[in-house]
Student: 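First, the structure itself, so that you have it in front of you.
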Amino acid sequence: MRVVFAGTPDAAVPSLERLIASTKHDVVAVVTRPDAHAGRGRKVNRSPVGLLADQHGIPVLTPRRPSEPEFVSELTDLAPDVCPVVAYGALLPRPVLDIPRFGWINLHFSLLPAWRGAAPVQASIAAGDDITGASTFLLDDGMDTGPVLGVVTETIRPTDTSGDLLHRLSVSGAELLEATLDAIESGEASAIPQPTDGVSHAAKVTVDAARIDWSASSTAVDRHIRAVTPAPGAWTTIGDLRVKIGPVRPSDETLEPGEVLARKDGVHIGTGDGSIVLGDVQPQGKKLMKAADWARGARSIDGTVAQ
């Protein structure tokens, strides 16, 4: 089939790689978010999907909005049979959805209808789910509401960060996406409407929402930190210092919520029902480092309260 692939971040790269390597499908173009300026020098950065397409000589379309008439015309001229989409990052209007013969097939990193929305992996870890997965479904006018074409499951490990889990899902999900397109081409695909029960939503995680609530249980704090690692990154203030916090481990110290205790073995902080020991930290404007090393070089933090 003639394929126009839409995607932007690293999580979409394994899917594009599989489709480029496929002998059944021809990737005739890629749609990705516009190049962004980043860093002190405001260097122009191509998206990971755009870079991969460039390496293979595949035309790249970067509309600011998918509703732009020029983009609609370009996509129409490409005459795609199907448009797989993985974390593209923009809503597609109905005229665009109607262009490919077999529609737009979205790879979403949850077991729909659970965790519809922008941050399903983060939400599943924060909620303490034991199992998650990926789903392929036909895009419609709703938010991740279309009929499901295929699923793959994945166990959430006790130490998984969202980065760890998303990496595994991006690989297994790529295999699922290719199998879904194969089934569509052969006429064997079956689209099953999503049930009305079990619907949950996963909003984008903002920097403000990534702040740690030390009054929560130690289990909730651990899940929260892992859910927002590496992005946007869990953070707190210790004294007048703003610090990013990496995954933590249990502590035997008895501390009040937010109370900080610096010891040779690490930095302990109280939660709503116990204490944890910090692993890696990143003070604002500095590199990631071991919490114990940071505590030795920082102004006295012992006895302060994290907030």
Side-chain angles (χ1 to χ4, degrees), residues 1-39 41-109 118-119 121 134 136-139 144 146 163 166-167 169-182 184-185 204 230-231:
M1 290 191 295
R2 287 176 61 82
V3 171
V4 173
F5 181 90
T8 298
D10 287 323
V13 167
S15 289
L16 180 56
E17 288 176 332
R18 285 195 73 100
L19 295 180
I20 291 173
S22 171
T23 58
K24 296 182 179 181
H25 311 296
D26 180 18
V27 181
V28 298
V30 159
V31 183
T32 192
R33 299 297 292 152
D35 298 346
H37 294 272
R42 305 302 291 164
K43 181 180 178 181
V44 176
N45 288 335
R46 189 74 137 173
S47 75
V49 163
L51 287 173
L52 179 61
D54 290 341
Q55 293 168 10
H56 288 271
I58 298 171
V60 178
L61 309 180
T62 58
R64 291 192 176 279
R65 294 181 180 85
S67 59
E68 293 175 354
E70 183 179 356
F71 170 68
V72 175
S73 177
E74 287 178 316
L75 187 61
T76 301
D77 290 343
L78 286 167
D81 293 311
V82 68
C83 292
V85 54
V86 185
Y88 168 49
L91 294 176
L92 301 169
R94 173 47 61 182
V96 171
L97 292 176
D98 289 338
I99 291 173
R101 183 159 60 106
F102 294 112
W104 291 73
I105 309 303
N106 192 12
L107 172 64
H108 184 75
F109 298 116
V121 174
T136 48
F137 70 97
L138 181 65
L139 277 182
D144 302 331
L166 183 57
H167 173 72
L169 287 172
S170 70
V171 174
S172 60
E175 184 176 355
L176 171 64
L177 181 61
E178 183 182 18
T180 299
L181 297 193
D182 290 350
I184 290 172
E185 183 180 39
K204 182 179 179 179

Student: Which value, rounded to the nearest 0.5 Å, describes the distance between Leu181 atom CG and Leu177 atom CG?
Tutor: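 Answer rounded to 0.5 Å: 5.0 Å.
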Student: Taking all non-hydrogen atoms of both residues into account, name the closest pair between Val86 and Ala12 and its distance.
Tutor: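 Taking every non-hydrogen atom into account, O-CB, 3.4 Å.
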Student: Looking at Leu91, I want to see if its CG is surrounded by more than 12 non-hydrogen atoms of other residues, nucleotides or ligands under 6.0 Å.
Tutor: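 Counting neighbours around CG of Leu91, 12 or fewer heavy atoms of other residues, nucleotides or ligands fall under 6.0 Å, so no.
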Student: Between Pro9 and Ala87, what is the shortest heavy-atom contact and its length?
Tutor: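 So the minimum-distance heavy-atom pair works out to CD-O, 3.0 Å.
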Student: Determine the minimum heavy-atom distance between Val171 and Pro14, stating which atoms define it.
Tutor: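 Of all heavy-atom pairs spanning Val171 and Pro14, the closest is CA-CB, 4.4 Å.
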Student: Examine distances only and state if a side-chain atom of Thr136 and a backbone atom of Asn106 form a donor-acceptor pair shorter than 3.5 Å.
Tutor: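 Looks like no, no N/O pair under 3.5 Å.
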Student: Applying side-chain hydrogen bond (donor to acceptor under 3.5 Å, both in side chains), can you list everything that pairs with Ser170, at least two apart in sequence or on another chain?
Tutor: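 Not a single residue meets the side-chain hydrogen bond (donor to acceptor under 3.5 Å, both in side chains) criterion with Ser170.
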Student: What residue pairs, at least two apart or across chains, pass salt bridge (charged side-chain N to carboxylate O under 4.0 Å, His left out) with a residue in residues 83-94?
Tutor: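 Those involving residues 83-94 are Arg94-Asp98, Arg94-Asp141.
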Student: Sorted by first residue and then second, give each side chain to side chain donor-acceptor pair (under 3.5 Å) pair with at least one member in residues 56-79; sequence neighbours left out.
Tutor: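 Residue pairs with at least one partner in residues 56-79: there are none.
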Student: For residues 14-27, which residue pairs pass the side chain to side chain donor-acceptor pair (under 3.5 Å) check, not counting sequence neighbours?
Tutor: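 Only Arg18-Glu178, His25-Asp182 qualify under side chain to side chain donor-acceptor pair (under 3.5 Å).
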Student: What closest approach, in Å, do Val3 and Pro84 show between heavy atoms, and which atom pair accounts for it?
Tutor: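 So the minimum-distance heavy-atom pair works out to CG1-CD, 3.4 Å.
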Student: Not counting sequence neighbours, which residues clear side-chain contact (heavy atoms from CB on, under 4.5 Å) with Pro80? List them please.
Tutor: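 Scan of Pro80 (side-chain contact (heavy atoms from CB on, under 4.5 Å), adjacent residues dropped) gives Val4, Leu75, Leu78, Cys83, Ile99, Pro100.
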Student: Can you tell me how far the CD1 atom of Ile20 sits from the CD1 atom of Ile58, to the nearest 0.5 Å?
Tutor: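 One gets 3.5 Å once the value is rounded to the nearest 0.5 Å.
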Student: Compare every heavy atom of Arg33 with every heavy atom of Tyr88, then report the nearest pair and how far apart it is.
Tutor: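 Distance-wise, the nearest heavy atoms are O-CG, 3.2 Å.
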Student: Might you point out which heavy atoms bring Pro66 and Phe71 nearest each other, and give the distance in Å?
Tutor: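 Taking Pro66 first and Phe71 second, the nearest heavy atoms are O-CD2, 3.1 Å.
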Student: Show your working on side-chain contact (heavy atoms from CB on, under 4.5 Å) between Phe102 and Leu138 and close with a plain yes or no.
Tutor: CA-CA 9 Å; Phe102 294 112; Leu138 181 65; over 6 Å; no
Student: Please tell me if the side chains of Thr32 and Thr8 come closer than 4.5 Å, counting only heavy atoms from C-beta onward.
Tutor: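 In contact.
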Student: Going by the rule salt bridge (Lys or Arg N to Asp or Glu O under 4.0 Å), which residues pair with Asp81 if we only count those two or more places apart in sequence or in a different chain?
Tutor: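 In terms of salt bridge (Lys or Arg N to Asp or Glu O under 4.0 Å), with neighbours along the sequence ignored, Asp81 is linked to Arg101.
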Student: Evaluate the criterion side-chain contact (heavy atoms from CB on, under 4.5 Å) for residue pair Val96 and Trp104; output intermediate values, then yes/no.
Tutor: CA-CA 9 Å; Val96 171; Trp104 291 73; 3.4 Å; yes
